[in-house]
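Below is one structure, written out as structure tokens, with a few remarks after it.
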2 protein chains.
Amino acid sequence: MATIDDVSKRAGVSRSTVSRVVADNGYVSEEKRRAIQKAIEELGYRPNTLAQALRSNRSNMIGAVVVDVGTPYFANMVYGLQRATRKAGKALMVSSGYADQDEEARAIIELVDRSCDGILLYLERPLRADVVEIIRAAHIPVVMIGRMGCEVARGSVQLDNFGGARDAVGFLLDHGHRKIVHLSGQADFGDTAARLEGIAEALAAHGMSMADIKVVNGEFSQEFGYSATMALLDEGHDFTAIFAGDDDMAAGVLLALRHAGKSVPLDVSVIGFDDAFHARHLWPPLTTIRQPVDEIGETAANLLLKLLGEPGSAMLQTTIGTSLVVRDSVGPARP
Amino acid sequence: MATIDDVSKRAGVSRSTVSRVVADNGYVSEEKRRAIQKAIEELGYRPNTLAQALRSNRSNMIGAVVVDVGTPYFANMVYGLQRATRKAGKALMVSSGYADQDEEARAIIELVDRSCDGILLYLERPLRADVVEIIRAAHIPVVMIGRMGCEVARGSVQLDNFGGARDAVGFLLDHGHRKIVHLSGQADFGDTAARLEGIAEALAAHGMSMADIKVVNGEFSQEFGYSATMALLDEGHDFTAIFAGDDDMAAGVLLALRHAGKSVPLDVSVIGFDDAFHARHLWPPLTTIRQPVDEIGETAANLLLKLLGEPGSAMLQTTIGTSLVVRDSVGPARP
DNA sequence: GGAGTTTATGGGATCGATCTCACATGGGAG
DNA sequence: CTCCCATGTGAGATCGATCCCATAAACTCC
């Protein structure tokens, strides 16, 4: 690998002058500039990123830790992150904690130690105190994605859970449904509260209240969707529509209804949340609330990049809107 | 951030001695070792990875470029990569070319410039010559995933497409199917040839030949699966089973059959390939050939790590086996 | 008791860049 | 004619580690 010294010798100038040409700053005569560029070309010189980063204290690298990169949801988010960071000419380094706090801490510290210029985090739990301290000591700006806050965060991007839930229930109400069940995620999950408010708003707009909807708390999984639906049917609960907290649940709901001999959407309408990868493959194709996951990632990355540009700026916060994706799982309420 | 000099001063020793303790090599007296460890603890010292890498020419970082990280398939592969690299105490840096040759080249060169110790590649096309040259000049070992070869590759991991296709068709034959259609991927795609051989083997085992199966060439997409199936039905082609080249195609096949009023598996059996994320969510749940994608990634990463350990070793090659996942889309052939 | 080896430690060059500072030149203003 | 500022260039310190080499003490072996 050619170094900056090789270039300087070949062009008959000093290291400093080559550096000026490469970084495009300071004064350089047109004549030497051309000679240097010629030498760079001929040697195929590319600056050593490590040395640059060590000396200048800027690595041009953004770090990200998400719960689990192996998942379509986060893969999609990473896609958004990469789109933004690449456009800005920065590299991206992603890793995951896989729901293990030690792994997660290790992954984040790794990013700090590799001198990332900034860090993006999508976590399920608050950050461990020692990790917070390490990030703070390194003066690395952090942007949080999702509802989970963090003391060192300088920015945050989150989904409009309120609006999404309001639209979902609103859509069911507009189709004449009055006996609605909502399968909700973990009660302590940050998003859940916002969604309940959204549901309340939709109901209020139709002169109803939370008393008019049945909420079942569980977890975001197909299994829960299935078992909860079966339980409702078994106890003879009367409902015409189900709003599932996410599309995994919705998949379980659809399966349970099929096994129970119920037709969707003739007997029961189902609406999901996320527009996950498999939503279109379910039968019937699932009507759902779309979360623009890649856009969330892109927005978060851009926010971080902005933070890097203007160090002293205030806390930045952005909310990303959802949209309704109409497929075939919602129909008019049966009389 | 505390540096090695801070530690050495606090412990009253030289930089060299601290380095020896941290790297755990060379001679250090027990007394000083303890003093140094105490100082490290108190200062919260963690070595600067950049400086280490610059000086020692080993970054402890593995790079990977796959076609598209945003996709569930590759996300799953990255999961496998991360499992292996993390276990080995190395960091992983992943990026994608998104089917753009320039992007892809940029991504790979970026990894080279960041001094990755080794590189993993899953590409759709042969590597551009200038990129090959850059990798060669940097003496970085490369492991290729998938069938696509590459001159600088020191190792390769690929799927047993032959066995997978043989098992798929064998399974259909075992269920009495004799009128089988195979929807194949791009003819120039490396895997396709191996699969055709596998199909031939399965047929031969039942005293049949390639003349007894209809092969339709197209592309790996739901749209093609749909249109190809529709075309077959329209032209009145007589078949009892379809072997789709991947699960996306299979999704299209199922949809077309449903729209045509055919029942699966009563009228037509369908088998896919990949066991993609959505295979279980299709209706009926898809019987398919499982590709252990994460295992492929893990194996490739381990192979690269092995290569890093023994620099002079020969070309390493591994084939990963498939397995049959039986769900509900294949049944006995109708008479 | 001297030669050779093992153990222990520090000094200083080095990796490949950036960046400050010193210095030189030339032209325009006063 | 001097002063100042814009332009142009290079020397050398520096980032934070690794690692080779010099040195010295302690120990082993004839």
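Reminder, nothing fancy here: chain letters follow the sequence lines and each chain counts from 1. Given the structure is predicted, the values throughout are model-derived calculations rather than measurements. The basis for the numbers below is simple: all heavy atoms, side chains too, and nothing from hydrogens, waters or symmetry mates.
For the residue pair S16(B) and S19(B), no side-chain donor N or O sits within less than 3.5 Å of a side-chain acceptor on the partner.
Take the nearest nucleotide of DNA chain D for S16(B) and for A51(B): the residue whose nucleotide is more 5' is A51(B).
Taking side-chain N and O atoms only, S56(B) has no distance below 4.0 Å to OP1 or OP2 of dT18(D). When the side-chain nitrogen and oxygen atoms of K32(A) are compared with OP1 and OP2 of dG10(D), one or more of them lie within a distance under 4.0 Å. An OP1 or OP2 oxygen of dT18(C) is reached within less than 4.0 angstrom by a side-chain nitrogen or oxygen of S19(A). Phosphate contact (OP1/OP2 of dG10(D), side-chain N/O of T17(A), threshold under 4.0 Å): present.
Contacts of V13(B) with the nucleic acid, taken as non-hydrogen atoms under 4.0 Å apart, involve only primed sugar atoms and P, OP1 or OP2.
A pairwise comparison of heavy atoms in A314(A) and L307(A) identifies O-CD1, 4.4 Å as the closest pair. Between S59(B) and S115(B) the shortest heavy-atom distance is OG-O, 2.5 Å. Closest non-hydrogen pair, V143(B) versus A300(B), comes out as CG1-O, 4.0 Å.
Contacts between residues 2-10 of chain B and DNA chain D, defined by a heavy-atom separation below 4.0 Å, involve T3(B), I4(B), listed by number.
Note: CD (E31(B)) to C1' (dT9(C)) measures 12 Å, nearest angstrom. Distance CD1 (I36(B)) to C1' (dA8(C)): 11 Å, rounded to an integer number of Å. Atom P of nucleotide dT9(C) and atom CZ of R33(B) are separated by 10 Å, given to the nearest angstrom. Remark: P of dT18(D) and CZ of R15(B) are 10 Å apart, rounded to the nearest angstrom. In this structure, the CZ atom of R58(B) is 21 Å from the P atom of dT14(C), given to the nearest Å. dC19(C) atom C1' lies 16 Å from atom CG of D24(A), rounded to whole Å. For L50(B) and dT18(D), the CG to P distance is 13 Å, given to the nearest whole Å. In this entry the distance linking CG of D113(A) with C1' of dA17(D) reads 13 Å, nearest Å.
Put simply, the side chain of N302(B) gets close to the backbone of E298(B): a donor and an acceptor are under 3.5 Å apart. A donor-acceptor pair is defined here as one N or O able to donate and one able to accept, closer than 3.5 Å; such a pair exists between the side chain of T299(B) and the backbone of E295(B).
Across dG10(C), dT18(D), dC15(C), the shortest atom-to-atom separation from the side chain of L54(B) is found for dC15(C). Here dA8(C) is the nucleotide among dT9(D), dA17(C), dA8(C) with the atom lying nearest to any side-chain atom of Y27(B). Picking from dT6(C), dG16(C), dT9(D) the nucleotide with the shortest atom distance to the side chain of V28(A) gives dT9(D). Checking dG8(D), dA17(D), dA13(D) against the side-chain heavy atoms of R55(A) singles out dA13(D) as nearest.
Taking the six-membered ring for Trp and the full ring otherwise, Y98(B) and Y79(A) have centroids separated by under 6.0 Å.
The distance from the CZ atom of R10(B) to the CD1 atom of I36(B) is 13.5 Å, given to the nearest 0.5 Å.
Between the side chain of R20(A) and the base of dG10(D), a donor-acceptor pair under 3.5 Å is found.
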